[in-house]
Structure formats: C-alpha cells, structure tokens
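Heads up, the thing below is written out as structure tokens.
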Amino acid sequence: MAGNEATPLTSPEISIKECLLSPNDFDEAKISGISDSSTDPSTDKDETSSNKKKKIKDEKRCRVCGDMALGYNFDAVTCESCKAFFRRNARGSKSTRCLFQGNCVIDVRTRRFCPHCRLQKCFNVGMKKDMILDETERKARMAKVLENRQKRQVKAKGREEVTSSEQEVGTDWSELITNTPVSNFSENSPTPTSASSEHMPCKIDLSNLPEDREMYRKLTESESVFIKELTLLYESTLASFTDSYHSDQNNYSTINQLVNNSEIAVRRLIKFVKRINDFMRLSQDDQIAALKACVLSTILLRSVAFYSSEKDVWITAKGEVPTKILKKATGYISLHDSHTRYCRTLKDVVQDNHEMMTLMQLIIIFNPEGPNLASRTLISDIQDHYITLLKHYLEAEYSFSNAKEMLPFLLQKLSELKELSEEHSKVLLQVNPTEIEPLMLEVLNLK
DNA sequence: CTAGCCTTGAGA
DNA sequence: TCTCAAGGCTAG
C-alpha cells in the first residue's frame, strides 16, 4: 500500500510556480503520509456509531460524574471535564493511589477529590485509553492542522493578490528559467571567505551540560511556540521519509537517476516554504529565485539528516544506501569524500535534533546572496531573524557557553554548504536533460 | 491540575 | 453542511 505512490506525484507538467501557487498540494498529502492512517482514529471505532446516537439522546449525563455531557469521549458519554481528565491521565504511567478505600463516590462535586477513583471509574464506564492519540498521531494531527491553516492563509492571500491584479499576465516563468544558466547557482555567491576552516571541529560534550539553569536562556513563549510549529512543519515535510525513494542501488547508478530521486525532496521543500509566512511575504519572483538558489543546499543538508556516521550510509524508508553510490554515480571521488566528511562532522553536532535542522534549513532558504533576488535586504533581515532564533534555541538547550561554540560552527557549516553545492552543480552539467524530470530541470536551471 | 471553551478534520 | 470527537489553550 505504502510504496506505490511514486508515480502519480511526478506529473510532468507541474512547474515550481504552479507548486507555489497551488492552494492544494497535488499529491503531497500522499507523500508525507500524514493524512492517511495516522490521523484516522475513527476506522475501527465507529462501527457502533448508529447505536450510539440513539443512546446519547437519553444519556446526556456524564457516565463518570453525572455532569452534563455533550457526547461520546473516548468511547463513553462524558462531560468535558472528565474527557480532559481522562486525556491527561489515562496514558500516564505514574500510578495514582486512593487515600481512602479505593471506592470513592465520583460526582460533579467530588470528582476532583480522588483522581485515582475517578480514573478507575473512567475505565469502568468504558473509556478507552487507546483512543487518545499518541505522540506520533498528535504530531501528525498538528502538522495537518498547520498545513491547512497555512493553506487557508495562502488562499486568502492569493485572493487578495488577484483582486489587486498586478501579476497575472506579466510573469512569464518559463522565460525566467531559461534565462538563468546552471552556473548561476554558484557563480555569484561570493567566494566564501574561509575555505581554510573547513575542518573546524566542534568539541562540545553534549552529554555533559551545565547543571545550573541560570546558564541557560529561557525562550519566550512565542519563540518556543514558533520553533515548535516550524519543527513540526519540517518534520512533516523535509524530514519525513520518502517512501518513493529507491534504496535499490541500481537506482543511483547514474547521475540522472540521482537527480530524479531528489525530485521528491524538492517537492517537499516547496511544500515547506509554502507554509512559511516569511517566505510568502516575498514577491513571487523572489520566492522562485530563493527557492532555486537553495535547492542543492537543501538536498545536501537533508542528506545530513538521514546520514548515519557509524555505517556511512544514508537511511531511507526502504533501507540503507551506502554513501559510495555517490562515487559510483558521479565518478568524482573528491566529491564523495567532501560530502561524506560534511555529513559526518555536522551530524556529530546536530545528531537527531530537528529543531536545529529546521532553523538551519530556514537560514539557507533566506539567503540574500542568491542570484536574481530583488529584495535582498528584506531577505537578509528575515535570515537574521532565524539566526537569532537558532542562537536563542542553542542557548536554551545547550547553555550560553556551549551556544557560543555551536552557533559559529553551524553557520560555518552552512557556508561550507555553498561550496559543496557548487561542486555538485558542476556534476550536474553532465546531466542529460531529456532524462530528467521537468520539475528538477526547472529548479536546477537545466532547461 | 481542572474544567470550560475553542478549533479542527473526518465522516454522514 | 452538519455533527462528532479528537486536541489545544488558558483562567482560575
């Protein structure tokens, strides 16, 4: 069931612009997998729903405390408060204890007195704890909500733009693409100042962080919410496994296949940026330019997320892909070496921290140095914002002193990303455009 | 923590 | 479009 979704989503006619503009996500829902089983708790739970409706008419009382009930909660008619109580406590592992005989009367008045008996009664009346969404299901649900929320925003915004009609006829996207040769990707990124520090090790002992809470920043509520939302978004798009990836090594045997296999990453990148308000604030041309400029870096950064240092492989949904395929596919040994070295060093520090990856991803998206950008200052300001956020995050998670080491290290790695993607773009020049998916052609300026 | 209210996605 | 049943938020 899960594996055969690859074909429909590569419908060849879809351009980046269309992807960006479309209120829906083409087949992205399928790609991310968040919409299917995980968010669908109803499947095995509503067989009895017809009886329930009848029952509920006469049972408007909470089965647990007798308070007014609105309907079924976790498979029993209960009031809001028992619902919330059950949600909070049923999954919890910490055992409560009754201070009396374990048979306390639970009613509207007394329900607060003995959590133990209340919970017991919840179970007795048939509330089911497996109907409480677990961590993954909750994340998926939140991602879905977020997705829809942003979709609505984009839609609303789109309507505004159309009514103020200034950009319907003029934007010839295909023109824009053909005008920009592949070399532009790297060309005008000013030669990074320090090729020398390529190997700046970051020796932070993350297992030994300072005890004193004073040594950590406390994130503001809005910062932590924002980071949380971004990370969820990242997890549901860029960081999720691609079940259409082929770990079969044959699929990586030519560069073309390698490029095509990155298409899904690109689609996810588009899906990701579409949900970022800061990104949607940019003009359409800048959106496209920014997107194109960060594609290779994104793919490379993403490869770090899936990299396993111990095995020297990339982990995909379908298994492990040894990094040596890169050597085979491209014939560039130094490319292979620098890429894996990059993965290893960055992975050492980032490990599986999605917040860090998310913020780094955002920093590369809002890169004011990219080609063909109009509002560089704006983009730079946005980038600053994410750099600050990353700094704050590091200070909150790893203490002020560690953050002081980590931030420059991470930024350094981001600038190395530029060099690395330049190397990769050289390889892309070998690509035979006729065999490449259209979206990839566009996004990599190979058209 | 509790409990009430709100927002949502899914399904009828 | 409506209803149901999840989770989230937050004043108390």
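Any value given below was found using the heavy atoms of this structure, including those in side chains, with hydrogens, waters and symmetry copies removed. Quick note on labels: first sequence line is chain A, next is B, and so on, each numbered from 1.
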Inset, instruction - Determine whether any donor atom in the side chain of A:Arg87 lies under 3.5 Å from an acceptor atom in the base of C:dG8, or the reverse, and answer yes or no. - result: yes
Inset, instruction - Provide, to the nearest angstrom, the distance between the CD atom belonging to A:Glu80 and the P atom belonging to B:dT7. - result: 13 Å
Inset, instruction - Examine the base of B:dG4 for any acceptor or donor lying under 3.5 Å from a partner atom in the side chain of A:Lys83, and report the outcome as yes or no. - result: no
Inset, instruction - For A:Lys128 and C:dA6, give me the distance from atom NZ to atom P, rounded to whole Å. - result: 10 Å
Legend entry - Under-3.5 Å donor-acceptor pair between A:Arg111 side chain and B:dA3 base: no
Inset, instruction - May I ask you to verify if any side-chain N or O of A:Arg138 is less than 4.0 angstrom from the OP1 or OP2 atom of C:dG8? - result: yes
Legend entry - Closest nucleotide among C:dA6, C:dG7, B:dG4 to the A:Asp67 side chain: B:dG4
Legend entry - Residue pair A:Leu232 / A:Thr358, side-chain heavy-atom distance below 4.5 Å: no
Inset, instruction - Check the distance between B:dC1's P and A:His116's NE2 and give it to me in whole angstrom. - result: 17 Å
Legend entry - Aromatic plane relationship, A:His385 with A:Phe226 - under 30° parallel, 30 to 60° tilted, over 60° perpendicular: parallel
Legend entry - A:Phe400 vs A:Lys404 side-chain heavy atoms within contact, under 4.5 Å: no
Legend entry - Under-4.0 Å side-chain N/O to phosphate OP1/OP2 contact, A:Arg118 with B:dA3: yes
Inset, instruction - Using only side-chain N and O atoms of A:Asn89, determine if any of them is under 4.0 Å from OP1 or OP2 of B:dT2. - result: yes
Inset, instruction - Send over the distance from A:Lys129 NZ to C:dA6 P, rounded to a whole Å. - result: 16 Å
Legend entry - Under 3.5 Å donor-acceptor, A:Asp286 side chain and A:Ser375 backbone: yes
Inset, instruction - May I ask you to evaluate whether A:Arg112 reaches the phosphate of B:dA3, defined as a side-chain N or O under 4.0 Å from OP1 or OP2? - result: yes
Inset, instruction - Please state whether the phosphate of B:dT7, meaning OP1 or OP2, lies under 4.0 angstrom from any side-chain nitrogen or oxygen of A:Arg141. - result: no
Legend entry - Identified salt bridge (Lys or Arg N to Asp or Glu O under 4.0 Å) partner of A:Asp67 from the options A:Lys83, A:Arg111, A:Arg61, A:Arg112: A:Arg111
Inset, instruction - Measure from the side-chain heavy atoms of A:Pro115 and tell me the nearest of C:dA6, B:dA3, B:dT2. - result: B:dT2
Inset, instruction - Calculate the interatomic distance between A:Met131 atom CE and C:dC4 atom C1'; express it in whole Å. - result: 11 Å
Legend entry - Length of the line joining A:Leu70:CG and B:dC6:P, which is rounded to integer Å: 12 Å
Inset, instruction - Specify the separation, in whole Å, of atom CG of A:Asn73 and atom P of B:dC5. - result: 14 Å
Legend entry - Gap between atoms CZ and C1', on A:Phe86 and B:dC1 respectively (whole Å): 17 Å
